[in-house]
Every structure is written in C-alpha cells, then in structure tokens.
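So that the names make sense, note that chain A is the first sequence line, chain B the second, and so on, each numbered from 1. Keep in mind that what you see is a predicted model, and the values were worked out from it rather than measured.
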2 protein chains.
Amino acid sequence: MSVQRLKRVLVGRPIPTSLDQHERLSRVTGLAVFASDALSSVAYATEAILLVLVAAGALAFRASLPIALAIAGLVAIVVTSFRQSILAYPKGGGAYVVTRENLGRYPSLVAGAALLIDYVLTVAVSIAAGIDAITSAIPPLWPYRVTLCVAGVLAIAVVNLRGVREAGRLFAAPTYVFVAAYLAMIGWGFTQWLRGEVPPPPAGPLTSAPRADELTLLLALRAFASGCAALTGIEAVSDGVPAFRPPEAQNARQVLAALGLILIVLFVGITSLVYAFGIVPAAGETTNSQLARRVFGETPLYFLVQGVTAVILVLAANTSFADFPRVASFLARDGFVPRQFANRGDRLAYSNGIVILTILSVGLLVAFQGDTHALIPLYAVGVFLSFTLKQSSMVRYWLRRRGMGWPSGVAVQGVGATVTGIVMVVIAATKFAHGAWIVVVLIPTLVVAFIVVRRHYDQVARQLSVDGARPEPPLTAHTVLVLVGDVHRGVLRALRYARALSPDARGVYVEITAEQTHRVEERWGRFADGMPLVVLRSPYRSVAGPLLEYLDQLQRQSADHLVTIILPEFIPARWWQHLLHNQTALLIKGALLFRKGVIVTNVPYHLEE
Amino acid sequence: MSVQRLKRVLVGRPIPTSLDQHERLSRVTGLAVFASDALSSVAYATEAILLVLVAAGALAFRASLPIALAIAGLVAIVVTSFRQSILAYPKGGGAYVVTRENLGRYPSLVAGAALLIDYVLTVAVSIAAGIDAITSAIPPLWPYRVTLCVAGVLAIAVVNLRGVREAGRLFAAPTYVFVAAYLAMIGWGFTQWLRGEVPPPPAGPLTSAPRADELTLLLALRAFASGCAALTGIEAVSDGVPAFRPPEAQNARQVLAALGLILIVLFVGITSLVYAFGIVPAAGETTNSQLARRVFGETPLYFLVQGVTAVILVLAANTSFADFPRVASFLARDGFVPRQFANRGDRLAYSNGIVILTILSVGLLVAFQGDTHALIPLYAVGVFLSFTLKQSSMVRYWLRRRGMGWPSGVAVQGVGATVTGIVMVVIAATKFAHGAWIVVVLIPTLVVAFIVVRRHYDQVARQLSVDGARPEPPLTAHTVLVLVGDVHRGVLRALRYARALSPDARGVYVEITAEQTHRVEERWGRFADGMPLVVLRSPYRSVAGPLLEYLDQLQRQSADHLVTIILPEFIPARWWQHLLHNQTALLIKGALLFRKGVIVTNVPYHLEE
C-alpha cells in the first residue's frame, strides 16, 4: 500500500464530485492559466524569425519588422473570430466540439488529432525554451538541459494531478510578473533608443560580417511561418470557457481580448527592439536574453527577466495540461479514444490524459534533445489547421442559424478561415522538410486510429445490447474443479467453497512425479471428505496443457456444461512476498482467458506473517 | 498470442521431460562447453598483470614471468583438489553443495553468494574482453562497443534458452579452433625467438621510455592478484558433473585434467612471448592482439586469432549461462532464493535463472561501459572465496569419513584451501579500493537476503501445514453479489451463474448520477427475474469505497459469512482491444485482495469481433 501513500503525498486527498463548482477560475486567475501559453511564445518567436532570415545576411533583418506586424494582424483576426465564437458557444467550444457540430464527424476528428498533437508540442517547445532561458543566464547548466526539461514536465504533471484550482493559484503571480517585467524592458529599451543611447553591438564573432545575400520571397515566407509560433495557445481560452466562473462566456471574452492585446504589444515591442539593438541569434544564448542583458546590463533586473521567462515558459506547458486531457475526454465520450480518458481521477482532474501527455512530451524532449528551434517546425501546422476548421465551422454555423448579426458573423469567420487556411498551407509547405511532414503524416494516422477505436466500441455495444434479449435459463450442468499442487490449509478452504458451489465438485492434480502423486493422494484421502481426485499426466511439465484436454473431455459430454476452476491461493502478509511464489495461477488464467464455458476463481487463504 | 509465437521462433518447441537424459554432453563437447570460460581468460590475464607492472616501468615487466609461473602452480593445485573432489562427489558438487554438506548452512550461503556474483562477472568480463578483441582488429567499431557487448549477451541468452545440448554443439568447434590457433601462435612465436628473428619493437609513443621505478612487493602482489583472473571458470567442470554422459565422474575428471594442462600451456606461453617481444599495454589494442600482429603480420592468420578469441570469449559467457541457473536452482530448492529459479522451462533449461543473469550482466556492462580491466578487480575475490570454502569442506569430508586414501585427501585439500585462502586475502586487500569492496559488501548482503527468503518460506509452510487440521465444516452463509455498471448481455450471463451459486444472490450498482441509476433499475427490472438490486452512493466517484462499506455491513451480520463478488466482464476478440476498456475489475480485485471472507470471480462473456 506504499504506492497509495506516495500518491497521497504527491497528489493530495480525494475531492468529492459535489465540490466541482468551486474549482472555477476568476478572470484574473483565468488570464494567468490560459495566457501563459500564448504570451510565453514571445520568448522564442522573434528568434525563430531571425534564425530563418540570418541565411540571407544581417541586412535581411529589416524584414523582421513587417513580418512581426503581419503576425500581429493575424493575432487580431484570430482573436476577433474566437471572441465571436465564444458568443455562439457560451458553454465552451474548442475546435473539436465546434467542428463536430457544424461540419460533422470526419472534419472534427481531423481537428481533434491536430489539437492533441499540438498540446504535446506546446509542452515540449515551452519547456525547451524555458530551459533555454535558464541556460542563457547560467551557462554551466547547459549540459544538463535535457534532464532539466524532463524534471520540469514531471513537476507540472504532479501539480495538475492535484487539480485545476490549485494549479491556477500557483500560476497567477508569475504571469503578471512576466508581463510587467517585459513591459518594463520594452519601455526602458525604447527610452534608451529614443535618447540615442543604444550602445554599439559588442565586439566578437557574433556580429562579425554576416553575408548580405538577397532576401527571397520564399525565405520571407519561411520566416513568417516560423514566427507564427507566436499564435499558438490563443485557442486555449475558447476551449476552456467552462473553467471560468459564471458568467463564463463574458469572462472568457474579456480575458481573450486582454490576452490578444498584451501578446501584440510584447511581440512587436521585442521584435522592434531586437532589430534596433542589432542583435543576432547566437548559440548558447537566446536573442531575448541578449536584449535583456543590453537593456538592463548584468543587474538583478536582467536575471528577473530571464527567471520569469523561464517560469512562465515552464508553466505555459500548464495550458496543455488543462487542455489535452479535456479534448481527450471529449473524444473519449464520443468513443474515438479509449474510454479511460473520460474518467476523472479522485482529485477531479482527468488523470489518464495528464499521464499520457507527460509521457509523450518527455519522449519528444528526449528525442529532440531539448532543442526549441528543432521542434518549432512541427508546431504551428496543427494549430493553424484547427483554427481553420473552427472558423469554417463558425461560417457554417452562422449560415445555418441566420440569427441576429449573422452577416457580420459570416464575414468575421470567413476572413479568419481564409487567412488561417492560407497561413497553414504556407507553414506546411515551407517547413515540410524541416519536420512539418511528421505532423502531416501523423494527423491522418490518428484519424484512422480514432475510427478503428470507435468501430470497436460500436461492435461491442451491438453485441452486448439487451434489445431483444431474455433472462437466461438456469444452468443445467455445473462442474467445479479444484486445482491442487499439494494439500495444504489453503486447499481445505477451497474444498469447502467448492462444495458450496455445486454437488459435482472434483479435485484435479497434474502429476510431476509418481512419488509426489502418492503423497498428494494419501493426504487427499484424509482431508477431502470423499470428493474425487482426478490425476492428469504431463509429459511437458505444463499444467495448462493437460487441464485443457480434460476440459475438452468434460465439456464434450453436454452442450451447455459450465466448469468453474478453483485455484486455491495463499495471500502473503506483505506485498514483496508475492515475488517469492510461483505465478502458476496467473498463467492458468491467461491460458483459459479465451476459452468459453469456463470460469476461473481464486480462493484466497490469508497468511498472518 | 503473438508473443507466444515469437518465443517459439527464438526458443523452439517444448521438449518433454522424458528426453532429459539425451541432453547430456560427451567429453569432447563437455570440454568445449566448460573450458571456454577458463581458457578464454588467457585473452586478458597477461594484460591484467602488465597493466599493474607498468606503474613501475618497463623493467618491471621481468616480474611477469615468475608471476605467470606462480599462477600456473596455483592452477595445478586447484585442478588437483577439484579432480579429487569429483571422486568424492560423483553426482556433481559445486562449492555450494559441498560446503552445505560439510560445513553447514551459513558457510554454504556464503559460497552460493560468491558463485552467483562471479557468474555474473564472468559474463560481463568475457563479453567485454571479446569485444576488445574485435575492436583491436577493427578499430572503427570501438565507439559501438557497449552496444556490441549487449548484443553478445542477448545472443547467448537466446541460445541457452533453447536448451543445453544445442548450446554444446554450437560451441564445440570454436573452442578447438581457439586452442589450435593459440598453440600455433605460441609455437611460431617461439621459433622466431629461438632463431633470433624477433623484430625490434615498433617505433612510436607506445614504447617510448617507460619509467624505471623500483618494483615494490605490494605492486608485485597486485599484479599477481590481477593475473589470478586466469583461474576463473575452472570450477565449472566439477559443478557440472551431472551434465556429462555416464560415467559422469570419470569423464569430468579427464576433462578437468585436460583443461588445466591446456590453460597452463597457453597462459605461460603467451606471457613469455609478450615479454620476449617487448610488448607494452596500449589503449585501443590488447596485448594479445599486438602479439598476434607481430608473430603473424597482418595476414589472415592474425585475423583468425582475433576472430576466434572474440568468439571464444563471447561464448565463454556460456559457461555462466549453464552454471548460474544451476546454482540458483540449488538455492531455490533449499528455499533461499525464490522458488521460480527451480523451475525448468519448456526447453528443459532453467529459464528464470537465464533471464536474471542476462539482466544483471547487461546492467554491469552498461554501468562499466564495457571496460574489461575496470571489471577485473571485482572478479576474482568471489572465485577464490568459493575455492577456499569448497576445499575446506573437502578437508572436513575426509576427516569425517576416513575412507580409503583419506590422508592424501586431507593433504591435497588442506594445501589447496590454505593457498587459495591466502590468495583470496591478497586479492581482496590489494584490489579493495579498485572495486573489490563492492563484492565484499555484496556477499554478506546476499546472505542476509537468502536467510530472509528462507524464513518466509518456513513461515508459509508452517501456516499451511495440515498437521493437526481437519476437513473444514460446510459454509453456513454465502451471499453472491453481482457488481453491475450497466445491464448488458454479459450481465445476464453473470446473473445465471450467480443464481447457480447461491439462493442469496443480489445485484450491486454504484451510483454515478441519479439519471443513470433510473435507467439501470428499469433494465434490471426487465431482465433480473426478481433478483434484488442494491444501489450504493459514491461521493468520490470510487467504486471500491462504497462496496467495502457494504461488505462491512453484510459481514457484520454473522461471523462466518462468505461473500462472492461476481464481476461480469466481456472478453474482446483481439488482445489490443483490452486496452480500450476500463480496468475497473482489476482495481476492485486489488482493493479486495487483503480482505478476508471475500472471493472475487470474473464471469466472462466472449465477443465475436
């Protein structure tokens, strides 16, 4: 029972269902929980753009400003359409639910697959970038970054298994400190720039003569595609409407507007300053870290920026820990993923979803060795695919209902769907060879898996349905076999039980050596009170083989002959003592699992010490 | 069932017990199987000596000749005493069995622990040295040596799981090719040396000016201790007497004598030649490889020597795969390790011992990164400890029996015990800090574990004993509870069974929502044919909690009230479909495992697709 105790310490005591309502989030904590993913992407989006542009030389960095503005416009379009969709789905509707209701099953499965993949990637990218922020400030930690990544994911998993309210509280403070610190950095940086105080770039290999090649359209599009990582996480608010306190829809819309505004200010501000300060991506230090170091010098403020960046990024993964299990539970309720994902654990969290998300994202971090910019090409395809599906669904929604304000609904969502659809194609095409192909292959694979799972559940339901069934007639023949390896007190207990079940009870013994058989037969005669003992020969030392043959023989006698096989077992007082005993019972159960007309029962005898 | 099929392909079809006799070894194959460990140690023992002497400079290499001769004398002493002990134990007696019979339980447990540890080390050291031989000849493979080590262990494990005769056949040829190739190398090398044709040592850093410090006694003892690795594996023949064809004892004695002779010739020959050729240990190439290269040049003969060295070393590990499971099975029959180690698998091999040995030796190889000379300090302590215990036991044996020739028996074994005891202390003392301490700590730890396991088995036997027991009286009260989550065809099947078991049968349903309860009650009314349904409330969404409370309530009514809980379950047609269903049944079984007076039974309903 020590595993139970460990779970209590880590996860806390069970919470009754009746307390569900009180786990809701206020606007202030809601912004903290759902904003961290979207806001934290400013930690790597600017660098992602520059890492593409650097191929065309430092002069090409000029292009980062119009690219950042285009992405800001994209943010505005997406936020507008999502705020409108909250109005239509006040009970909360992520891409999966909205697509299912408006476009039907198959598009919704594509959306579901895209969402699940992206939540896993959110965890991996956010954690990797968070550890980047730490190792930028403390270079000696660099060799340990994969270990640090894994530790970060596990820590968040434990917090989430404790339940959603405590998670919200824990995350509120850092989100606001992050916003304040970044606004301070941007403000002070611009002040320095306006005063003409921007210091010259530091000497050294970092800035030495980048090539001044021509900037091609393809390169610009790839840079834009990389920067679109800034939009990831925006969907979290509209997926999570039911987590807000009432009035849920109104609170969620306000939070989403605030989130969009802050995101645009931070992202455009940082990209502009990085350009103004002439910062170039470097190995071992993020561009944001370089910027903070230049604005604040090596003061405590610099370390505050890096620290809070790390914290918000590590916590950003938390958005996915709220959303992955939720989407998985929607899919589970519809029968497309295993039912277990619809169960809430004893702390009201969807524990199975949390555990799977942890395993997948740790696997990804280890496989990619915690390299943020190697993960980013996989990232945005699924996000924009789900945006497009959701916005297309909303177009359909407004066209069907034609309620108040439907023309503006169609216009907002139509523009959104068109723009995000084009962006998705741009990302998939320009990033295909860099990793986007993985996601392009994975999404249809997952959709097929969903369909296979659903078909299985449908078949099970059909076969188990009691429509047209009648109560079964009483059993005609029931034989009880007590399988014995020796005659001990546990066997005596089992014999008593066997006698209570059926008048046709027999012992069965599989012979190892003739000598042992004599001993067993002698004791059986003394203790079995007249019950017959069947001795079976076993040339291959297997117990299952002769037993199966004997069952064939028994059941050939009548069509409806049920056999109960009783396995006497003793239960040791301590768990480790189980390892010291043969698991023959388990093997026999396995061998008989697919056999009809046979029921296997363990009759336990509890040892005291 | 696909795991079953994979096992068949790798391991082969089951072998009946009646074929046991035919698995015996002739002298020729017996030498091959049991000699590989002892002979293969000439591949690393000479280098182990030189690696210690090198600290005192190249002049100290002179000392390698007297050290080799001392070790040859040690081989003669040990072989003589072991041949004599086969005479006394014609049914085979390793250190464990012989010590148990003559010195009693605790010394025999020390011997058993020492043997198990050394078999694991034999696998690790032999495989590591075998891969050294390969990478000496093919340097580009060096970076992959840990992977190669693991692959080698796994290959041998599979061969052994197939059974002992096939293993013998496979290993006979390489052992004889090895002996022939080494004799040819030694013969040709001495011819070159006698003719004065020995070429000067090659130029380069390998031979550049070693220091000419003074050779201390401690250093000489440490070099001797390292060289004693040459004796490892000699005990295999006397442990494995029953594996020989009749007359077992006579065949085993002849094989042991041949083995000792070949070992002395090869070891002294190689050590002399390495000294004569002025070879110095070097990183990346073994001294044996350097010797073979100098004697044969880079001809096919050189590659033959390296190849067959690698093969015999990789196969040497096979000795342990015969012996570790055998000693473990002796300990298991005496109740000191889990009983499962006494079971033979369906190919007549002790499968569990083979599996555990594989896991431990792979772990050791990975932990020590396949470094032969880092593993050697751990190696010989246990070997010599078991030699000493066995020889001391034989002294006791002859003193007790006083049969024909007892004085010479006492003399041979007494000299052996004294010499090997001193050597053991020398090894433990001079190699303590280099790793021998691990074994010094591990042996008593294992002995304590053996005693704890045995005490548990004794307690179980006492509690299960039918001495003084009587047949149990018939059951007075038996309630059958059918646990339902919904009413489906599987439940109808379970209801029929419940009715057959006891007139007091009831349904139990744990309420999730009131709405679902109504649905279940309605269907229950239609199909349960009047059986009562008990509805339990569950504030924490747990099924086990309310069920346990209800059981308390039921069983409080009478002292001897047995309850059978029936879990209706459906068995999907394919194994992967199990993953798609809740494992509630398993959780409930776990929760009730330690509860007395309760028997849990699954009633299966088999699905067709």
Side-chain angles (χ1 to χ4, degrees), chain A residues 14 16-18 338-340 343-344 346 453 456-457 459-460 463-466 469 471-475 478 487-490 492-493 495-497 499-502 523 527-529 539-542 562 570-572 577 579-582 593-594 596 599-609, chain B residues 14 16-18 338-340 343-344 346 453 456-457 459-460 463-466 469 471-475 478 487-490 492-493 495-497 499-502 523 527-529 539-542 562 570-572 577 579-582 593-594 596 599-609:
Chain A
T17 318
S18 54
R339 289 270 159 76
Q340 291 91 322
N343 299 343
R344 296 211 280 180
D346 50 18
V453 168
H456 169 70
Y457 281 131
Q459 286 170 345
V460 169
Q463 292 177 78
L464 289 179
S465 165
V466 287
E472 302 212 4
L475 271 180
H478 182 206
V487 179
H488 55 64
R489 281 182 190 262
L492 306 192
R493 177 68 47 90
L495 293 182
R496 180 172 77 147
Y497 186 65
R499 253 187 229 103
L501 296 196
S502 167
R523 291 185 173 195
F527 293 102
D529 218 4
Y540 292 94
R541 300 166 306 286
S542 146
L562 191 73
F570 45 88
I571 309 291
Q577 296 170 339
L579 301 176
L580 301 178
H581 299 283
N582 276 324
L593 184 63
F594 288 95
K596 294 183 184 176
I599 289 166
V600 182
T601 299
N602 293 84
V603 175
Y605 182 81
H606 294 85
L607 300 179
E608 304 293 337
E609 51 183 354
Chain B
T17 317
S18 53
R339 290 269 160 80
Q340 290 92 322
N343 298 342
R344 296 211 281 180
D346 49 18
V453 168
H456 168 70
Y457 282 130
Q459 285 171 346
V460 169
Q463 291 178 78
L464 288 179
S465 164
V466 288
E472 302 212 4
L475 271 180
H478 182 206
V487 179
H488 56 64
R489 280 180 190 264
L492 304 192
R493 178 68 47 90
L495 292 182
R496 181 172 79 148
Y497 186 65
R499 255 186 227 105
L501 296 195
S502 168
R523 290 184 173 196
F527 293 103
D529 219 4
Y540 293 93
R541 299 167 306 286
S542 146
L562 192 73
F570 45 88
I571 309 291
Q577 295 170 340
L579 302 175
L580 301 179
H581 299 283
N582 275 324
L593 184 63
F594 288 95
K596 294 185 185 176
I599 289 166
V600 182
T601 299
N602 293 86
V603 175
Y605 181 81
H606 294 85
L607 300 179
E608 304 293 337
E609 51 183 352

Most chain B-contacting option - heavy-atom pairs closer than 4.5 Å, from [options]:
options	result
I599(A), T601(A), V600(A)	I599(A)
P473(A), S502(A), P474(A)	P473(A)
E608(A), H606(A), Q459(A)	H606(A)

The interface call for R493(A) against chain B, heavy-atom contacts under 4.5 Å, is both
Tell me the closest heavy-atom pair linking [X] and [Y], and the distance in Å.
X	Y	answer
L501(B)	H478(A)	CD2-CE1, 3.8 Å
H488(B)	L464(A)	CB-O, 3.3 Å
A528(B)	L495(B)	CA-CD1, 3.9 Å

Could you tell me which portion of F527(B) (side chain, backbone, both or neither) has an atom closer than 4.5 angstrom to a non-hydrogen atom of chain A? both
Okay, I571(B) and chain A: the region with an atom under 4.5 Å from a heavy atom over there is side chain
Between R489(A) and Y605(A), is NZ or CZ placed under 6.0 angstrom from the six-membered ring centre and within 45° of the ring axis?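 Geometry flag: not set, cation outside 6.0 Å or 45°.
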Quick check for you: to the nearest 0.5 Å, what is the distance between L562(B) atom CG and R496(A) atom CZ? 6.5 Å
